Amino acid sequence: MSRPAAVLTGLGAYVPPRTVPNEELSRRMDTSDEWIVQRTGISQRHWADPGVATSDLAVEAGHRALKSAVSGGFGDIDMVVVATTTPDQQCPATAPDVAARLDLGTVAALDVAAGCTGFVYALATASAALVAGYAERALVVGAETFHPFLNPADRGTAVIFGDGAGAVTLRRGTSDEAGAVQTVDLGSDGTLKDLVGIPGNGSRPRSTRPMQPDDQYLYMHGKEIFAHAVNRMAQSSSAVLAKAGWDVDEVDHVVGHQANLRILHALARELGVDRERLVCHIDQVGNTSAASIPLALADAAAKGHFQLHDRLLLTAFGAGLAWGSAAITWPEITLA
Ligand code: COA
């Protein structure tokens, strides 16, 4: 039976022009192209030039998503949600600036901070607002400028993360339409909050001690995160498929958070999905955190991998810990 649902109408992606191949990193730190490719599946990432911030990438991706939506007959946006862990500044949020620079007027605009799961949380937030009638059309952006937060002395994180932004537009519609967000599953475990994070600028360090040099940088317990990522994305995927009433064999494409190719392969094994159904874009962009799922969607869509009405499982995991999945069908989308 048809229900009110958010429906995907546009898609856009942007990565800064500067590519950083593995060889460049291996000249700066004790690593190698061979290690990075074997252990992560990453060949290169994009890093923004000095002075370029997350809002700049978000505006580019948002603009492309809006253009792609306009070509499908899209009207005015009345809500902007930006998922990011690397906002332009602590305060104010990045979304109002993105909305203003996209000439969207005085719309509702908020940031969602859910680490690498940010895009799925933002999609859920906007979808809920559309279904509740608080908004008619939303722009959801996942955008990160991670490289300034990477500790040049930490080869475990410096080789993984990249900058970029991806965006989708949504409108209120019904669950039987191509592009409908069928359902989502979200979760978190704050008892494991210390496994990955960026301590600087928070109220706790500020109120207890002077800022330490490394507080500005991302730290990550990679091995533990790896195991939790596989388990939580597999559990959440199963949960969202059960809610959607989809058998795993009916899923055409699994779009997992692009954290590590080995994580994606382990996820496919856990779910019993062959690797051909995995959407993999990590080799070109690295881990772009909240931007990773929309960037992967845009890359696969540009390559013509998705057909109208295909069933997509989106699943993500990251700092928090937080995880989430969404079941969507694929609409008619013309990339800008
Ligand atoms: N180049 C070369 N060697 C490196 C390296 C690098 N960039 N990074 C780590 N190593 C070394 C380690 O020092 C270690 O050496 P040792 O055995 O002499 O101690 C060895 O490689 C293995 O390190 P380990 O941390 O066990 O590697 P790994 O296979 O777990 O891979 C990650 C490391 C970070 C790539 C992996 O754990 C990972 O992807 N984790 C999940 C990240 C993630 O999902 N993040 C997103 C959510 S926030």
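Order of listing sets the numbers, starting from 1, for every ligand and every atom in it. Only a predicted model underlies this, so the values are computations on that prediction, with no experimental measurement involved.
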Any idea which atoms of ligand 1 are less than 4.0 Å away from a heavy-atom of T40? 35 (C)
Where the side chain of D111 meets the backbone of A95, is there a donor-acceptor pair that is under 3.5 Å apart? yes
Find all atoms of ligand 1 within a distance of less than 4.0 Å from any non-hydrogen atom belonging to N287, and give their numbers and elements. 45 (N), 46 (C)
Distance alone, cut at 3.5 Å: any donor-acceptor contact between the side chains of S55 and D88? yes
Provide, to 0.1 Å, the distance between atom 12 (C) of ligand 1 and the closest protein heavy atom, together with that atom's residue and name. R155 NH2, 3.8 Å
Do any non-hydrogen protein atoms sit less than 4.0 Å from atom 42 (C) of ligand 1? yes
Out of F317, F226, F161, W35, who gets a non-hydrogen atom closest to atom 21 (O) of ligand 1? W35
Would you kindly specify which portion of I160 sits under 4.0 Å from ligand 1, judged on non-hydrogen atoms: side chain, backbone, both or neither? side chain
State the atoms of ligand 1, each with its element, that fall below the 4.0 Å cut-off from a heavy-atom position in A259. 43 (C), 44 (O), 46 (C)
Just by modelled atom types, is the P21 backbone N or O under 3.5 Å from a matching donor or acceptor in the Q44 side chain? no
Please indicate whether any nitrogen or oxygen in G222 is less than 3.5 Å from any nitrogen or oxygen in ligand 1. yes
Side-chain donor-acceptor contact under 3.5 Å, S292 with Q258: no
What atoms in ligand 1 come closer than 4.0 Å to a heavy atom of V159? 7 (N)
Which protein non-hydrogen atom lies closest to atom 45 (N) of ligand 1, naming both residue and atom, and how far is it? M220 SD, 3.5 Å
Using a 4.0 Å cutoff against the non-hydrogen atoms of I263, which atoms of ligand 1 qualify? 41 (C), 44 (O)
Hey, could you give me the CD1/OG distance between I36 and S43, rounded to the nearest 0.5 Å? 9.5 Å
Any protein heavy-atom neighbour for atom 14 (C) of ligand 1 (distance below 4.0 angstrom)? no
Lys/Arg N to Asp/Glu carboxylate O, R18 vs D163, below 4.0 Å: no
Give a yes/no verdict on whether any heavy atom in G156 is under 4.0 Å from an atom of ligand 1. yes
Applying ring-ring contact (aromatic ring centres under 6.0 Å, His included), name anything that partners H63, two or more places apart in sequence or on another chain. none
Using a 4.0 Å heavy-atom threshold (strictly under), name the region of T31 that reaches ligand 1: side chain, backbone, both or neither. both
Charged N to carboxylate O under 4.0 angstrom, D30 versus R155? yes
Run through the side-chain heavy atoms of Ile, Leu, Val, Met, Phe, Trp and Tyr, join any pair under 4.5 Å, and report what else lands in V37's cluster. none
Give a yes or no on whether a salt bridge exists between K243 and D185, defined as a side-chain N under 4.0 angstrom from a carboxylate O. yes
protein heavy-atom neighbour closest to atom 28 (P) of ligand 1 works out as R262 NH2, 3.6 Å
For ligand 1, is there an N or O atom under 3.5 Å from any N or O atom of N260? yes
Measuring from non-hydrogen atoms of T157 to any atom of ligand 1, is the shortest distance under 4.0 Å? no
Are E24 and R28 ion-paired here, with the side-chain N under 4.0 Å from a carboxylate O? yes
Validation row, ring centre H147 to ring centre F161 under 6.0 Å: no
Of the listed options (K223, M29, R39), which comes nearest to atom 30 (O) of ligand 1 when hydrogens are ignored and any heavy atom counts? K223
When only distance counts, is H257 in polar contact with ligand 1, meaning an N/O pair under 3.5 Å? no
Any non-hydrogen side-chain atom of N151 less than 4.5 Å from a side-chain atom of Y219? no
If you scan the protein for heavy atoms around atom 19 (O) of ligand 1, do you find one that is closer than 4.0 Å? no
Below 4.0 Å from ligand 1: does a non-hydrogen atom of I225 turn up there or not? yes
